[in-house]
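Accompanying notes for the structure given below.
Since the model is a prediction, treat every value here as computed from it, not as a measurement. Note that these values count all heavy atoms, side chains included, but never hydrogens, waters or copies made by symmetry. Each ligand, and each atom within it, is numbered from 1 in the order the structure gives. Position 1 is the first residue of the sequence; numbering continues from there.
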Amino acid sequence: MPELLTSSTADLYRSLVSQAASHVAARFADVAQPASGASRAELQSLVDAVDLDAAGIGTPSAIREVDELFLAHAVWFHHPAYAAHLNCPVVLPAVAAESVLAAVNPSVDTYDQSTVGTLMERRLIDTVAGWVGFAAGDGVFTSGGTQSNLHALFLAREAAIAEAGPARASSLPRLVVFATASSHFSVGKSALLLGLAEDAVIEVADDGEGRMLPAALDEAVAAARAAGRLPMAVVATAGTTDRGVIDPLARIAEVCDRHGVWLHVDAAYGCGLLVSRRRRHLLTGIERARSVTVDFHKSFFQPVSSSAILVREPRDLAAGAWHADYLNPIENEEPNQVDKSLQTTRRFDALKLWVSLRALGADRIGEMFDAVIDLAARAGDLVEADPALELVGRTQLSTVLFRSVPGGSDPAEQDALVAGIRRVLFESGRALVAKTVIDGRPCLKLTLLNPETSLEDVRGILETVKDAATALAGMNPERELIGAGA
Ligand SMILES: *Cc1c(COP(=O)(O)O)cnc(C)c1O
């Protein structure tokens, strides 16, 4: 049976993986732009042309087909002109580790399916909890920041309900969560999934740049209490998705302590600062959180998925424990991670971070994150110095928010250009940027996560943006009139 990876197919495995790696390596070696620019209709017809009900064509052919179908049209996050979302280029040791865990296929739900893997994951969690400053913390790997936030808010909900007394049904609709408008959308979605009231997420005022105002939080918590609500959690963000700014964690922790409210720090984006020698101080106060979200697949350059939830008090995780006779009966004393997780079968994603730390060292990863933060600051200067561009606020991490402001254009025209510029770039595949809305106005966004991208590369992206703006403005007859009159 050549289908399964077994002792008799070990050599075949080696050759197939190396064939696959050869295709990938060849693509990496000569990728000319971050995407092929093929239209959706073209891609749809390529996908539709594959007959998934046909007899097997053999692995080498199937892999060749993947090369022509997927690799030829993939989005390349390592390309210096890729600057759209928070998905990162990946470090080599993690990619090598990924092939190890895919082949062995352990499931880190129970100890008896992963043995040493469970111990390695727990050791890694201890290490990361130590970076956060949790003296005796705990946690578990998750599929991403969305799941980590949901998990943290679930634990906070259970703690708040337990504290409120036996009347679970009457407590639930009274629970409230505090966050700024810049917090990740998974906070609101979690509130929905957790059965909280529709008005359960209370928006706390910010400083105008997206950072939570501790005084406003203080007032909001007091007001909610006075109105008969039960403060369940405060979500502070260490690195907002758009602006890349960090809520004042220590002062927020003070407010939470005073009111006795669970502090969750969403450091999905900013977690790379944990290993930055130069910028670790930006996270001061995170050690006072009760739970923390970290996304290694954002600022630790890990392949998706690699994320974790950490808690300061290990016993907090018990709220999610559930026992099944076949898997983890209550009398079982093995260290079953399923007792701490929302998932059952779960990937050994920890191996990737483990190998990355052993291969590169934590300091090196911190330097890589520092490099993209430095790059974003210099890119911000470039935008600011360019009369055809307008910088929209300053980041503490690695995003650049800006607009194209062709001479003579008014704000409405500039707003209208944003979506068009993003689309023109996306359709060409030459440079990929994102768009978002800040203070009610659309703007373009670069998310810089490639430590090898240079300022010249960023200058190139900005030139492409300006060219697109000029072309689009030229297509608008109104613009031409304004241009002629100026
Ligand atoms: C990306 C992000 C998330 C969600 O993480 P996923 O890994 O995409 O699920 C949560 N919070 C913040 C601040 C983020 O930037």
Side-chain angles (χ1 to χ4, degrees), residues 75 77 83-90 94 128 132 139-154 156 177-194 201 203-204 206 209-212 233-249 252 263-274 282-283 286 289 291-310 341-343 346-347 349-350 352-353 369 372-373 376 395-401 434-438 445-449:
V75 175
F77 301 95
H85 298 288
L86 264 168
N87 206 32
C88 59
V90 291
V128 179
V132 168
V140 71
F141 272 71
T142 68
S143 64
T146 301
Q147 188 189 344
S148 298
N149 283 347
L150 171 64
H151 194 164
L153 291 174
F154 161 69
V177 174
F178 302 85
T180 63
S182 307
S183 67
H184 193 259
F185 74 87
S186 56
V187 174
K189 192 161 149 179
S190 298
L192 174 72
L193 290 167
L194 291 169
V201 180
E203 191 178 306
V204 181
D206 66 32
E209 294 182 356
R211 288 178 211 87
M212 186 183 285
V234 170
V235 179
T237 311
T240 56
T241 312
D242 279 340
R243 300 185 198 242
V245 298
I246 299 165
D247 285 339
L249 303 178
I252 291 170
L263 171 60
H264 174 64
V265 173
D266 178 358
Y269 181 9
C271 61
L273 298 175
L274 289 170
L282 293 175
L283 295 180
I286 195 172
S291 57
V292 171
T293 287
V294 286
D295 253 3
F296 305 114
H297 61 216
K298 284 179 178 164
S299 47
F300 277 74
F301 310 100
Q302 297 295 298
V304 180
S305 313
S306 184
S307 178
I309 173 186
L310 302 160
S341 176
L342 296 184
Q343 295 167 260
R346 192 161 53 82
R347 289 165 56 84
D349 286 315
K352 296 178 290 191
L353 183 59
F369 194 39
V372 294
I373 299 174
T395 185
Q396 288 174 283
L397 296 179
S398 66
T399 58
V400 184
L401 297 169
K435 68 175 168 57
T436 188
V437 175
I438 297 291
K445 174 166 92 160
L446 307 183
T447 307
L448 301 172
L449 278 178

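With hydrogens and angles left out, the side-chain atoms of Ser305 and Asp349 include no donor and acceptor closer than 3.5 Å. In the model, Ser186 has a side-chain atom that pairs as donor or acceptor with a side-chain atom of Asn149 under 3.5 Å. With hydrogens and angles left out, the side-chain atoms of Asp266 and Thr237 include no donor and acceptor closer than 3.5 Å. Side-chain contact annotation: Thr180 with Asp206, donor-acceptor N/O pair under 3.5 Å absent.
Sorted by chain and number, the heavy-atom contacts of ligand 1 below 4.0 Å come from Leu86, Gly144, Gly145, Thr146, Asn149, His184, Thr237, Gly239, Thr241, Asp266, Ala268, Asp295, His297, Lys298.
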task = Could you check His264 against Thr293 for side chain to side chain donor-acceptor pair (under 3.5 Å), going step by step and ending with a plain yes or no?
result = CA-CA 8 Å; His264 174 64; Thr293 287; 3.1 Å; yes
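Note on ring orientation: taking the six-membered ring where Trp is involved, the planes of Phe296 and Phe300 are perpendicular (angle over 60°, cut-offs 30° and 60°).
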